[in-house]
A.B. asks: 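I'd like to ask you about the structure that follows.
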Amino acid sequence: MSTVYLNGEFIPKERAMISVDDRGFIFGDGIYEVVRVVEGRIFEWGPHAERLVRGLAGLRIALGTRDVSSLKDVSERLVRDNGLTEGEATVYLQVTRGAALRTHHFPPPDTAPTVYAIATRFVVPLAQRENGVAAITFPDFRWARCDLKTVNLLGAVLARQAAAEAGAYEAILLRDGVMTEGAATNAFAVIGGTIRTYPLSNYILPGITRKVVVELIADLGLALATDPVTQGQLVDVDELFLTGTTTDVTPVVTLDGKAVGNGRPGPTAKMLQEALTARMYATVGAAR
Ligand code: PLP
């Protein structure tokens, strides 16, 4: 039976109940995070916490920096209490504006945010990392604050469903004729020896894995340009790959049913994938 955290309590998942008035349920009015746990240690907690604080500020949900910091202890306890200190796991954290009678504008200031967290076993899908995945292109009709990791995920849900129906793993989103990111990943292409990705802006999520991969690109002395890849260029890239907390660096080997490059995972993606795994295990102090 899994133990979860809800509003200050560690309780069996079956007993975790939220109100039907919760604004997360009614409006998608909340923020979430997913962190990776390796051998009981959280990878890149600091940047995840910073993004959570920034997201809460963006939505004007009053949960202080101190309360966000305490979620690290909450996460670590969930990992321990659920027997996940060996191998890999993820922790999902969510904060909504709380439960109040339905009004679009904010509820009374004394409305307590709803804070929820759950730890789950994560089995790294090695075959996907090794062999690559299929992707489709899909219109990016999400709102213009994609930099906030809100629980309102309809753009991603519809894009991922289209991908699933096409037998693909990810939908590569296109806005104004350029690739922004994946439905639940950041996207990179390699064109003529330069790695290209969409610049940080309100149109993409500032992925924590993206940040780490950008650092690894510099460490490895590879060339990076934060210039958007156009739809026209996308059909002729040498490599395409995705990054994310549960995706690591995953090569895309077919796009809309056509081979990307030579149809096999490319050297850049492989190199970055190995470097990411090495960094993940080194920074959490675990042997692989
Ligand atoms: N972009 C979107 C839209 C996402 O939903 C996610 C993760 O859920 C990412 C990128 C990757 O972000 P991270 O590396 O922080 O997991």
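In each ligand, atom 1 is the first atom listed, and ligand 1 is the first ligand listed.
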A.B. asks: With Y5 as reference, evaluate Y92, F10, Y116 under the ring-ring contact (aromatic ring centres under 6.0 Å, His included) test and give the passing residue.
C.D. replies: F10
A.B. asks: For T243 and T247, work out which heavy atoms get closest and say how close.
C.D. replies: C-CB, 4.2 Å
A.B. asks: In residues 216-226, what donor-acceptor pairs under 3.5 Å come from side-chain atoms, sequence neighbours left out?
C.D. replies:
none

A.B. asks: Can you list every side-chain hydrogen bond (donor to acceptor under 3.5 Å, both in side chains) pair that touches residues 189-213, not counting sequence neighbours?
C.D. replies: E44-K211, R196-Q233, K211-E215
A.B. asks: Are R54 and D147 close enough for a salt bridge, meaning some N to O gap below 4.0 Å?
C.D. replies: yes
A.B. asks: Output side-chain donor-acceptor pairs under 3.5 Å for residues 263-275, partner residues at least two apart or in another chain, one line each.
C.D. replies:
from: T268; atom 1: OG1; to: E239; atom 2: OE2; distance (Å): 2.7

A.B. asks: Just the distances, no angles: every ligand 1 N or O to protein N or O pair closer than 3.5 Å, one line each.
C.D. replies:
from: ligand 1; atom 1: 1 (N); to: E181; atom 2: OE1; distance (Å): 2.7
from: ligand 1; atom 1: 1 (N); to: T185; atom 2: O; distance (Å): 3.4
from: ligand 1; atom 1: 8 (O); to: K149; atom 2: NZ; distance (Å): 2.8
from: ligand 1; atom 1: 14 (O); to: I208; atom 2: N; distance (Å): 3.3
from: ligand 1; atom 1: 14 (O); to: T209; atom 2: N; distance (Å): 2.9
from: ligand 1; atom 1: 14 (O); to: T209; atom 2: OG1; distance (Å): 2.6
from: ligand 1; atom 1: 15 (O); to: R51; atom 2: NH1; distance (Å): 2.8
from: ligand 1; atom 1: 15 (O); to: R51; atom 2: NH2; distance (Å): 3.0
from: ligand 1; atom 1: 15 (O); to: I208; atom 2: N; distance (Å): 2.8
from: ligand 1; atom 1: 16 (O); to: T245; atom 2: N; distance (Å): 2.9
from: ligand 1; atom 1: 16 (O); to: T245; atom 2: OG1; distance (Å): 2.6

